[in-house]
There are 2 protein chains.
Amino acid sequence: MTDRGMGMWIHVDPRSPVPMYQQIVESVKANVAKGILNPGDKLQSVRELSVELAINHNTVAKAYRELERENVIEVIRGRGTFITLQPTAPNAEQRREEMRETIRKLLIEAHHLRMSHEELWQMFHQVMEEWRLSRETEAPESTEEGEKL
Amino acid sequence: MTDRGMGMWIHVDPRSPVPMYQQIVESVKANVAKGILNPGDKLQSVRELSVELAINHNTVAKAYRELERENVIEVIRGRGTFITLQPTAPNAEQRREEMRETIRKLLIEAHHLRMSHEELWQMFHQVMEEWRLSRETEAPESTEEGEKL
DNA sequence: CGTGTGTACCACATGAAGCGGTACACATAG
DNA sequence: CTATGTGTACCGCTTCATGTGGTACACACG
């Protein structure tokens with residue numbers, strides 16, 4: 001389900017209820033987590049990406065601003081945006097609590113889908129295993145097209 | 001963290017980014033999953049709940065409509081709304097896929113918080129155990145204030 | 001009949017999201 | 001130096017979802 005050659009990139013669905021700028025944020029974070037984007041890699045410029053996605057530059061800029069706020073990317077004025085070298089996620093404890101809340105909502109949804117805790121447990125296991133495999137497959141050593149920071 | 005006596009009820013934060021009608025939906029589904037609301041239980045009327053929450057009746061009605069669409073509640077015109085006796089969740093397979101997607105997002109978030117898969121696994125275990133305990137504690141046999149269906 | 005139920009409208013206000021355009025400060029290459 | 005590319009900051013505007021306030025209807029029940 002990749003776009004071209006390497007595990008390329010960002011998807012945006014204008015008809016999705018989730019805002020496009022947030023879809024960009026999630027895409028970048030997903031690519032980082034999968035090892036497709038590595039620390040130091042350069043991102044497309046705001047205007048480049050806005051053309052690629054057929055989207056307003058302000059929307060892309062909003063996404064980049066959010067990514068910088070989360071310390072996922074670093075911005076160097078006049079140079080471009082790069083994946084953070086030594087990432088430090090802010091609000092760690094708060095975000096862990098949000099993860100727990102998400103898990104609680106999964107338990108609620110499981111109940112309404114008549115899933116036992118055992119089945120939910122298996123779902124966790126299955127998805128984590130898929131993830132582990134796709135990471136080993138798609139992770140490159142280095143060298144995309146982008147120069148490094 | 002209950003409101004009064006039994007594990008009472010619905011919370012709504014007008015300043016939350018998540019719409020109030022959806023907060024109502026989540027509250028009801030959570031109460032059902034916890035066993036605080038049981039099949040056949042009667043819900044507050046649209047206008048009652050709108051007064052309780054200091055909210056417009058249309059907003060409550062929207063929540064009830066969504067809950068009926070998900071087969072969580074049953075509506076009897078002129079009588080009231082009741083928790084479904086034999087619930088059948090629609091779009092089961094699609095909703096299971098959404099659950100998997102949620103788990104994938106948890107994996108992404110875990111990566112950015114420098115959590116190992118082991119730590120995430122422990123978080124799953126911990127939240128599920130908390131849930132199991134709170135269910136055993138808060139689940140009543142029957143008889144709230146409401147008449148049954 | 002009168003009351004309580006869910007439901008269906010309507011007009012309106014508010015805010016987020018996105019667009020289109022312009023402009024500025026900075027870095028780098030020429 | 002200039003020219004170009006970078007992120008950023010505005011402005012006005014449209015669109016849409018949310019929520020409000022009000023009114024009205026069909027139904028059930030005492």
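Labels below follow one simple rule: chain letters A, B, ... track the order of the sequence lines, proteins then strands, and each chain is numbered from 1. Computation of the quantities below employed the complete heavy-atom set of this structure, encompassing side-chain atoms and omitting hydrogens, waters and symmetry-equivalent molecules.
dG18(C) atom P lies 11 Å from atom CG of D13(A), rounded to whole Å. Here dA16(C) presents its P atom at 14 Å from CE of M20(B), a figure rounded to the nearest Å. Between the NZ atom of K42(A) and the P atom of dA27(C) there is a distance of 15 Å, given to the nearest Å. Between the CD atom of Q22(B) and the P atom of dA17(D) there is a distance of 14 Å, rounded to whole Å. Atom CG of L49(A) is separated from atom C1' of dG7(D) by 14 Å (rounded to the nearest Å). Rounded to a whole Å, the CD1 atom of I55(A) is 11 Å from the P atom of dG20(C). Taking atom CZ of residue R77(A) and atom P of nucleotide dT6(D), one finds them 14 Å apart after rounding to whole Å. What separates OH of Y21(B) from P of dA17(D) is a distance of 10 Å, to the nearest Å.
A donor-acceptor contact closer than 3.5 angstrom links the side chains of Q94(B) and E98(B). Side-chain contact check for Q126(B) and E130(B): at least one donor-acceptor pair (N or O, by modelled atom type) lies under 3.5 Å.
Between R132(B) and E129(B) a salt bridge is recorded (basic side-chain N to carboxylate O distance below 4.0 Å). Using a 4.0 Å cut-off between a side-chain N of Lys or Arg and a carboxylate O of Asp or Glu, E66(B) and R69(B) qualify as a salt bridge. Note on R100(B) versus E109(A): no salt bridge recorded, every NZ/NE/NH1/NH2 to OD/OE distance being 4.0 Å or above.
Proximity of R95(B) to P90(B): side-chain heavy atoms (C-beta onward) are separated by under 4.5 Å at one or more points. At a threshold of 4.5 Å between non-hydrogen side-chain atoms, the residues W121(A) and F124(B) count as touching.
For E68(B), whose side chain is taken as the heavy atoms from C-beta onward, the closest listed nucleotide among dC19(C), dG6(C), dT7(C) is dT7(C). Proximity note for N56(B) (side chain, C-beta onward) versus dG21(D), dC29(D), dT7(C): the nearest is dG21(D).
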Give each protein N/O atom lying under 3.5 Å from an N/O atom of nucleotides 9-15 of chain C, with the pair distance.
{"from": "dC9(C)", "atom 1": "N4", "to": "N58(B)", "atom 2": "OD1", "distance (Å)": "3.0"}

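Of the side-chain N and O atoms in T59(B), one or more sit less than 4.0 angstrom from OP1 or OP2 of dT20(D). Checking the phosphate oxygens (OP1, OP2) of dG19(D), no side-chain nitrogen or oxygen of K62(B) falls inside 4.0 Å. The shortest distance between the side-chain N/O atoms of S45(A) and the OP1/OP2 oxygens of dG5(D) is not below 4.0 Å. Using a 4.0 Å cut-off, no side-chain N or O of Y64(B) falls inside it from OP1 or OP2 of dG6(C).
The nearest heavy atom of DNA chain C to P19(A) and to G78(A) marks one nucleotide each, and the one closer to the 5' end goes with P19(A).
Between the side chain of R47(A) and the base of dG7(D), at least one donor-acceptor pair of N or O atoms lies under 3.5 Å.
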